[in-house]
Peer 1: 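One structure, as structure tokens, below. Some questions next.
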Amino acid sequence: MKPDDAIAHIDDVTADGPISVVGVAGPGDSLANEETFEFFEKMADKQPDLIKCMSTNGLLLNERADEVIKAGIDSLTVTVNAVDPEIEAQLNDYIIWHGKKIEGVEGAKILIENQLAGIKKICDAGITVKVNTVLVPRIHGNHIEEMAGTVAELGADKYNIKL
């Protein structure tokens with residue numbers, strides 16, 4: 001949905017009754033889509049009282065944290081499935097980083113570093129951060145406590161395990 005279409009949709013929905021939250025969770029990763037920021041800028045003008053939420057895999061979070069903060073995001077959800085690159089590499093074969101495919105542990109390191117540094121920046125700005133983990137018991141079931149502790153130390157407000 002294009003930003004103007006999304007705004008029109010929200011206008012239609014709010015005409016039927018009040019809502020309190022609007023969120024963006026794609027297409028693809030929200031931070032890889034320039035239209036995400038265009039949408040939130042327009043939302044701030046049209047519906048300034050709505051709580052603005054965004055979801056991301058966090059690959060671009062460190063480098064785009066200032067834009068997230070400037071966009072007035074109230075709540076950010078980041079999917080983090082490991083803080084150990086050896087484990088992350090078992091869950092994701094590769095990342096696409098600035099147009100380049102990076103495989104295995106090398107890609108996992110880049111993903112995790114960007115997720116954690118970005119979470120810290122967003123938390124330091126006072127934005128609510130929720131971390132989601134998709135549980136794969138045989139791969140990272142014993143890693144949950146370390147992940148939860150790591151993101152808590154960075155300031156994450158909530159930690160959610162998806163089964």
Side-chain angles (χ1 to χ4, degrees), residues 1-3 6 21-41 43 50-163:
M1 189 179 286
K2 297 289 183 193
V21 178
V22 63
V24 174
D29 186 71
S30 299
L31 295 177
N33 185 347
E34 294 302 322
E35 291 177 330
T36 297
F37 295 99
E38 180 185 340
F39 168 75
F40 281 119
E41 183 179 313
M43 276 303 305
L50 290 179
I51 296 169
K52 295 173 286 307
C53 302
M54 179 191 296
S55 295
T56 178
N57 66 22
L59 180 60
L60 298 173
L61 185 55
N62 188 38
E63 68 188 67
R64 299 206 76 179
D66 290 337
E67 292 170 272
V68 171
I69 295 162
K70 184 181 175 199
I73 304 302
D74 299 295
S75 178
L76 182 72
T77 299
V78 184
T79 299
V80 176
N81 288 319
V83 294
D84 178 331
E86 296 287 337
I87 294 172
E88 180 67 38
Q90 295 175 58
L91 295 164
N92 289 296
D93 295 333
Y94 63 90
I95 63 169
I96 304 294
W97 177 243
H98 296 294
K100 182 180 176 190
K101 182 178 180 179
I102 304 172
E103 299 184 78
V105 174
E106 183 183 356
K109 283 181 185 177
I110 293 168
L111 174 60
I112 293 166
E113 287 171 5
N114 282 291
Q115 289 172 325
L116 300 182
I119 288 169
K120 175 80 170 125
K121 285 179 182 178
I122 298 300
C123 290
D124 287 350
I127 295 170
T128 299
V129 173
K130 179 177 83 169
V131 173
N132 282 344
T133 294
V134 179
L135 179 62
V136 183
R138 290 176 289 162
I139 295 176
H140 68 175
N142 294 329
H143 187 56
I144 299 293
E145 187 175 342
E146 182 179 354
M147 283 188 285
T150 299
V151 299
E153 286 176 13
L154 297 172
D157 299 282
K158 299 175 184 179
Y159 185 76
N160 185 37
I161 301 170
K162 301 233 178 208
L163 303 176

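The shown structure was predicted, so the numbers you read here are calculated from the model rather than taken from an experiment.
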Peer 1: Determine the minimum heavy-atom distance between C53 and V21, stating which atoms define it.
Peer 2: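 Heavy-atom minimum between the residues: SG-CG1, 3.5 Å.
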Peer 1: Quick one: pull up CG in N92 and CD in E103 and give me the separation to the nearest 0.5 Å.
Peer 2: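 Taking CG in N92 and CD in E103, the distance rounds to 12.0 Å.
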Peer 1: For N57, is there any backbone N or O sitting under 3.5 Å from a side-chain donor or acceptor partner on Q115?
Peer 2: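 Yes, because the side chain of Q115 sits within donor-acceptor range (under 3.5 Å) of the backbone of N57.
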Peer 1: Identify the two heavy atoms, one from A82 and one from I112, that lie closest to each other, and give their separation to 0.1 Å.
Peer 2: O-CG1, 3.5 Å
Peer 1: Give the minimum heavy-atom separation between D29 and G58, together with the two atoms involved.
Peer 2: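 For D29 and G58, the tightest heavy-atom pair comes out as OD1-N, 4.2 Å.
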Peer 1: Between the main-chain N or O of V134 and the side-chain N or O of H140, is there a donor-acceptor pair closer than 3.5 Å?
Peer 2: yes
Peer 1: Evaluate the side-chain proximity of T36 to L31: yes if any heavy-atom separation is below 4.5 Å, no if none is.
Peer 2: no
Peer 1: Rounded to the nearest 0.5 Å, how far does CD1 of I51 lie from CE of M43?
Peer 2: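 It is 11.5 Å, given to the nearest 0.5 Å.
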Peer 1: Run the side-chain hydrogen bond (donor to acceptor under 3.5 Å, both in side chains) test against E34 and tell me which residues pass, sequence neighbours left out.
Peer 2: R64
Peer 1: Just by distance, do the side chain of D157 and the backbone of V129 share a donor-acceptor pair under 3.5 Å?
Peer 2: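 Yes.
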Peer 1: How close do V105 and P85 get, counting heavy atoms only, and between which atoms?
Peer 2: CG1-CB, 3.8 Å
Peer 1: A quick test of your reading: do over 12 heavy atoms of other residues, nucleotides or ligands sit less than 6.0 Å from OH of Y159?
Peer 2: yes
Peer 1: Which of these passes side-chain hydrogen bond (donor to acceptor under 3.5 Å, both in side chains) with N160: N132, T79, T133?
Peer 2: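 Passing option: N132.
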Peer 1: Which atoms form the tightest heavy-atom contact between A156 and V131, and what is the distance?
Peer 2: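 Result for this residue pair: CB-CG2, 4.0 Å.
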Peer 1: Measuring from atom CE of M54 to atom CZ of F37, what distance do you get when rounded to the nearest 0.5 angstrom?
Peer 2: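 Between atom CE of M54 and atom CZ of F37 there are 4.5 Å.
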Peer 1: I need the D74 CG to L50 CG distance, nearest 0.5 Å.
Peer 2: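 Those atoms lie 9.5 Å apart.
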Peer 1: Is there a donor-acceptor pair under 3.5 Å between the side chain of S30 and the backbone N or O of S55?
Peer 2: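 Side chain of S30 to backbone of S55: a pair is present.
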Peer 1: Checking side chain to side chain contact (heavy atoms under 4.5 Å, CB included) against I119, which of L76, V78, N62, D124 comes through?
Peer 2: V78
Peer 1: How many angstroms lie between atom CG of L59 and atom CD1 of I110, to the nearest 0.5 angstrom?
Peer 2: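 The distance works out to 8.0 Å.
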Peer 1: Which heavy-atom pair separates E38 from P3 by the least distance, and what is that distance?
Peer 2: CD-CG, 3.7 Å
Peer 1: Holding to salt bridge (Lys or Arg N to Asp or Glu O under 4.0 Å), I want the full list of residues that pass it with K121, two or more places apart in sequence or in another chain.
Peer 2: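 With sequence neighbours excluded, K121 shows a salt bridge (Lys or Arg N to Asp or Glu O under 4.0 Å) to no residue whatsoever.
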Peer 1: CD1/I122 to CD1/I69 distance, rounded to the nearest 0.5 angstrom?
Peer 2: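 With rounding to 0.5 Å, CD1 (I122) is 4.5 Å from CD1 (I69).
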Peer 1: Evaluate side-chain contact (heavy atoms from CB on, under 4.5 Å) for V83 paired with H143, printing each intermediate quantity in order.
Peer 2: CA-CA 8 Å; V83 294; H143 187 56; 3.5 Å; yes
